[in-house]
Amino acid sequence: MLSKTIKEKLISSYTRSFPSFPLPEQFTVEIPPSEEFGDFATNISFISASILHKSPVEIAKSIAGILKEDPFFSDVTVGGKGFINMKVSDDVLRDTLTKIIEEKEDAFECDIGKDKKYQVEFVSANPTGPLTVGHGRQAAIGDVISNVLEFVGYDVTREYYFNDAGNQMNVLARSLWVRYNQELGVDIEMPEEGYRGEYLIDIAKEMVEKVGDEYRERWDEDVKAFFRSYAADKMFDWIKADLSKFNIGFDVWFSESSLHKDGKVNETIEELRKRGYVYEKDGATWFAASKLGDYKDWVLVKSTGEPTYLLTDIAYHRDKAKRGFDKVLDIWGADHHGHVPRVKAGLKALGIEDDFCDILLHQFVTLIQRGKEVRMSTRRGEFVTLGDLIDTVGADVAKYFFVMLSPDTHLSFDLDLARTKSMDNPVFYVQYAHARICNVLKHAEANGLDVNREGDVSLLTTPEEKTLIKDIERLDDAILDAYATFGPHKLTRYVEEVAKAFHIYYTKYRFVDKSNLELSYARLSLVKAVQIVIRIVSRLIGISMPENM
RNA sequence: GCGCCCAUGGCUCAAUGGAUAGAGCAACGGAUUUCUAAUCCGUAGGUUGCAGGUUCAAGUCCUGCUGGGCGCGCCA
C-alpha cells in the first residue's frame with residue numbers, strides 16, 4: 001500500500017525538481033537490504049542520471065529536499081551512491097494498519113484487470129491415464145495464478161483442454177480391449193505403444209462383470225468406439241475426482257473434437273491459406289512457420305488427410321481470441337517448449353497480437369523416496385498418481401510444495417520429507433502462526449475482552465510491531481510481483497516472512513494483559529490484521545488455515 | 001549437431017540490472033512458572049560452475065566453454 005503512495009510522491013517531486021525533463025521510464029521503490037537505509041528506497045536518481053546529465057547524488061539530493069517537507073516521511077536521506085532512503089512516519093504506519101483492519105481485503109484492492117477477461121488454460125491432460133504429480137504441479141501453479149489474476153481484478157476463466165478423439169484414444173481403447181480379453185483368458189498381445197498401466201486391468205475386470213464376454217476376440221469400429229468412450233469416461237471420472245481432492249476446479253472443459261465438429265479447424269486452415277502461409281508438398285499441407293521466426297515449416301494436414309496436433313492447437317487459440325478474452329495464459333510442461341514458437345507463429349500468421357497469449361513453462365517434478373528417484377511413465381504404467389500423493393501428504397502440503405519454487409526450477413519432491421510434520425514443511429510454519437493467532441483471540445475472549453473492539457494503534461511502538469505492520473502492508477506488492485512474473489512462489493515466500501515476524505512478536509510479548517487493557521486491545525488489533533493477511537494469502541495459494549494444530 | 005531451461009553456503013532454494021548475495025533445513029550453543037516450543041535467540045557456513053565482455057552498477061545482460069534437464073515427427 002505504501003510503496004504505491006511513495007511512487008506517486010516521487011513522481012511529483014521529480015517533476016517539481018526537473019519540470020522540463022521526461023519522467024524516467026522505470027524506477028522502483030523497494031525495501032532496502034538493511035534497516036539503516038530506512039523503510040523504503042528508490043533508484044530513481046540512477047535511472048534518470050543519463051536523461052538529466054547530472055550525477056545520481058545530485059539528483060537524489062534535489063528530490064530528497066522536497067520529500068523532506070512532507071510529513072508522510074519522518075526521515076529522508078541520500079545514500080552514498082545516490083539511493084534515496086525514506087522512513088515513513090509513525091502516523092502513516094498507524095493509519096495503514098487502521099485501514100487494513102477496517103477495510104480488510106479491500107485495503108489491498110487493485111484494478112489492473114478491471115473489465116478485462118483472462119483465460120488460463122492448464123493441466124489439459126488427455127484422458128489416457130490418471131493425473132501424475134507433474135500434472136499436480138501444473139494444476140497448483142495454474143490455480144494460484146488464476147487466483148492472483150482474480151485478485152488484481154480480472155474476470156478469469158480456468159480452462160481444461162483435452163483430446164477425446166485422436167489416435168491416442170484409439171490406442172487406449174485397444175489397450176483396454178486387450179486387458180479385457182486377458183481377463184477372459186484370451187492371450188492377446190499388448191500393442192507396442194499400448195498403455196500398460198494396471199489401472200486398465202481394473203477397468204477390464206469391471207467390464208467383464210458388466211458386459212460378460214460379448215467383445216471376446218471381437219474387434220471392429222463399433223467395438224473400438226465402445227471401448228474408447230468407456231475408457232475415456234472412466235479416465236475423466238478419475239481425473240475429476242483427483243482434481244476435486246486437490247480442491248481445484250475448472251470453468252470450461254474444452255473438447256478438441258468440438259473444434260473439428262464445428263468446422264473451426266477448416267476455417268483456420270483456410271484463413272492461414274488466405275494469408276499466404278500454407279502450401280502443399282509431398283501430399284501433405286504445410287505451414288510456413290519459418291516465415292514467422294520458427295526454424296522450419298510444419299505439417300498441418302497429413303497425407304492421410306488427418307489434421308496434426310499443431311493445426312488443431314492453432315485453431316484452438318484462434319477460438320480463444322474469438323471468444324473475446326483480452327489475454328490468455330497457457331501453462332505447459334517444459335517438454336512442450338518446442339511447441340511454443342510454432343503456436344506463436346500460428347497466431348502471428350492469423351494477425352493476433354503477440355502479447356495476447358503468454359505461455360508459462362514449468363520444469364519437471366521428480367519424486368524422491370528413500371533418497372531415490374521414483375520413475376514415472378504413463379505408458380509403462382509406472383507412476384505415482386496425483387491422487388496417491390494427496391492421500392499420502394495431504395492436499396495442503398502437496399499444493400504448497402508445488403508452488404513454493406519458481407516454475408523454472410526443477411522440483412525434487414521428497415515424499416519422506418513431505419510426510420514429516422516438521423519445519424521442513426513451511427506450510428506448517430505458516431499454519432501454526434495462524435493457529436496461534438486464533439488461540440490468542442480465543443484466550444482474549446475467555447478473559448472477558450471484546451475481540452471486536454478496536455484498539456488504539458498508537459500504542460504499538462516496539463520494533464517488532466513496526467516490522468509486522470510493514471510486512472502486512474506490502475501484501476499488495478507481493479501479489480503484484482506474483483502477477484507480473486507468473487511466480488506463485490512469491491506468495492509462499494511472502495507469507496513465510498509474515499509468519500516469521502508474527503512468531504517473533506508472539507515469543508517476545510504478551511497480547512492479553514488484564515493490567516493493561518488498552519495495550520491489549522491495541523495488540524489484538526494488530527493480531528487481527530495479521531490474521532486477515534495470512535488468510536488472504538492462504539486463499540490465493542489454495543490451502544487451508546486450521547484454527548487449531 | 002541445433003534450440004529452450006538450469007547451475008548460488010553441506011542440502012533445498014530466493015534475489016523487476018542496484019547498496020554488505022538472503023531464507024529454510026542440517027550442524028553447534030542457548031531460551032519455556034506465561035496466550036500452543038510445530039516457536040524464538042545466537043554461532044558457523046560464499047571468489048554466485050569456468051573464462052572473457054557490456055556500464056555509474058552484473059548472481060542477473062552478451063559471447064565462448066563445462067556439467068545437468070527437456071525438446072528437435074506427416075506423435076500429442
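Side-chain atoms are counted along with the backbone in the values below, which use heavy atoms only and exclude waters and symmetry mates.
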Taking the basic N atoms (NZ, or NE/NH1/NH2) and the acidic carboxylate oxygens, is any pair closer than 4.0 Å for [X] and [Y]?
{"X": "A/Lys490", "Y": "A/Asp481", "value": "yes"}
{"X": "A/Asp39", "Y": "A/Lys470", "value": "yes"}
{"X": "A/Arg174", "Y": "A/Glu192", "value": "no"}
{"X": "A/Asp471", "Y": "A/Arg474", "value": "yes"}

[N] versus [M] - spacing of their [atom1] atoms, nearest Å:
{"N": "B/rC41", "M": "B/rU48", "atom1": "P", "answer": "28 Å"}
{"N": "B/rA57", "M": "B/rU66", "atom1": "C1'", "answer": "28 Å"}
{"N": "B/rU12", "M": "B/rU8", "atom1": "P", "answer": "8 Å"}
{"N": "B/rG9", "M": "B/rU47", "atom1": "C1'", "answer": "13 Å"}
{"N": "B/rG64", "M": "B/rA27", "atom1": "P", "answer": "44 Å"}
{"N": "B/rC70", "M": "B/rA31", "atom1": "C1'", "answer": "49 Å"}
{"N": "B/rA14", "M": "B/rG24", "atom1": "P", "answer": "16 Å"}
{"N": "B/rA38", "M": "B/rA76", "atom1": "C1'", "answer": "45 Å"}

Mind checking if [X] touches a base, just sugar-phosphate, or nothing, with heavy atoms under 4.0 Å?
{"X": "A/His489", "answer": "sugar-phosphate"}
{"X": "A/Glu445", "answer": "nothing"}
{"X": "A/Asn548", "answer": "base"}
{"X": "A/Ala334", "answer": "sugar-phosphate"}
{"X": "A/Arg523", "answer": "nothing"}
{"X": "A/Thr409", "answer": "sugar-phosphate"}
{"X": "A/Asp408", "answer": "sugar-phosphate"}
{"X": "A/Lys508", "answer": "nothing"}
{"X": "A/Ala435", "answer": "base"}
{"X": "A/Arg436", "answer": "sugar-phosphate"}
{"X": "A/Ala41", "answer": "base"}
{"X": "A/Asn447", "answer": "nothing"}
{"X": "A/Ser406", "answer": "sugar-phosphate"}
{"X": "A/Asn85", "answer": "base"}

Discussion item. Name the residue from A/Phe254, A/Phe122, A/Phe236 that meets the ring-ring contact (aromatic ring centres under 6.0 Å, His included) definition with A/Phe162.
Written reply: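 Considering A/Phe254, A/Phe122, A/Phe236, a ring-ring contact (aromatic ring centres under 6.0 Å, His included) with A/Phe162 is found only for A/Phe236.
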Let me spell it out: for each of A/Pro407 and A/Val301, pick the nucleotide of RNA chain B with the closest heavy atom. Which residue's pick is nearer the 5' end?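 Nearest-nucleotide comparison on RNA chain B picks A/Pro407.
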(Q) Reading RNA chain B from 5' onward, which residue's closest nucleotide shows up sooner: A/Trp286 or A/Val29? (A)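 Looking at RNA chain B, the more 5' nearest nucleotide goes with A/Val29.
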Strictly below 4.0 Å: does [X] bring a side-chain N or O up to OP1 or OP2 of [N]?
{"X": "A/Lys514", "N": "B/rU34", "answer": "no"}
{"X": "A/Lys500", "N": "B/rG24", "answer": "yes"}
{"X": "A/Tyr429", "N": "B/rC40", "answer": "yes"}

According to the Watson-Crick and G-U wobble definitions, with both distances under 3.5 Å, which nucleotide is paired to [N]?
{"N": "B/rU47", "value": "none"}
{"N": "B/rA57", "value": "none"}
{"N": "B/rU8", "value": "none"}
{"N": "B/rU33", "value": "none"}
{"N": "B/rC72", "value": "B/rG1"}
{"N": "B/rG52", "value": "B/rC62"}

Just compare [options] and give me whichever is closest to any side-chain atom of [X].
{"X": "A/Tyr506", "options": "B/rA76, B/rA37, B/rC72", "answer": "B/rA37"}
{"X": "A/His410", "options": "B/rA14, B/rA19, B/rG69", "answer": "B/rG69"}
{"X": "A/Lys81", "options": "B/rA38, B/rC70, B/rU20", "answer": "B/rU20"}
{"X": "A/Pro33", "options": "B/rG18, B/rA23, B/rA19", "answer": "B/rA19"}
{"X": "A/Lys490", "options": "B/rA23, B/rG71, B/rA15", "answer": "B/rA15"}

> Is a side-chain donor or acceptor of A/Ser124 paired with a backbone partner of A/Tyr160 at a separation under 3.5 angstrom?
Replying inline: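 No: the side chain of A/Ser124 does not pair with the backbone of A/Tyr160.
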Please report the distance, rounded to the nearest Å, between [atom1] in [X] and [atom2] in [N].
{"X": "A/Asp294", "N": "B/rG73", "atom1": "CG", "atom2": "P", "answer": "11 Å"}
{"X": "A/Asn425", "N": "B/rA26", "atom1": "CG", "atom2": "P", "answer": "12 Å"}
{"X": "A/Met86", "N": "B/rA19", "atom1": "CE", "atom2": "C1'", "answer": "14 Å"}
{"X": "A/Glu30", "N": "B/rG17", "atom1": "CD", "atom2": "C1'", "answer": "11 Å"}

- Near-strand residues of residues 303-316 of chain A, defined as heavy-atom separation under 4.0 angstrom from RNA chain B: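 Under 4.0 Å from RNA chain B: A/Ser303, A/Thr308, A/Tyr309.
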Taking the six-membered ring for Trp, are [X] and [Y] ring centroids under 6.0 Å apart?
{"X": "A/Tyr505", "Y": "A/Phe511", "result": "yes"}
{"X": "A/Phe502", "Y": "A/His434", "result": "no"}
{"X": "A/Trp298", "Y": "A/Phe287", "result": "no"}
{"X": "A/Tyr14", "Y": "A/Phe27", "result": "no"}

**Study point:** Cation-aromatic face contact A/Arg137/A/Phe402, 6.0 Å, 45 degrees
**Key:** no
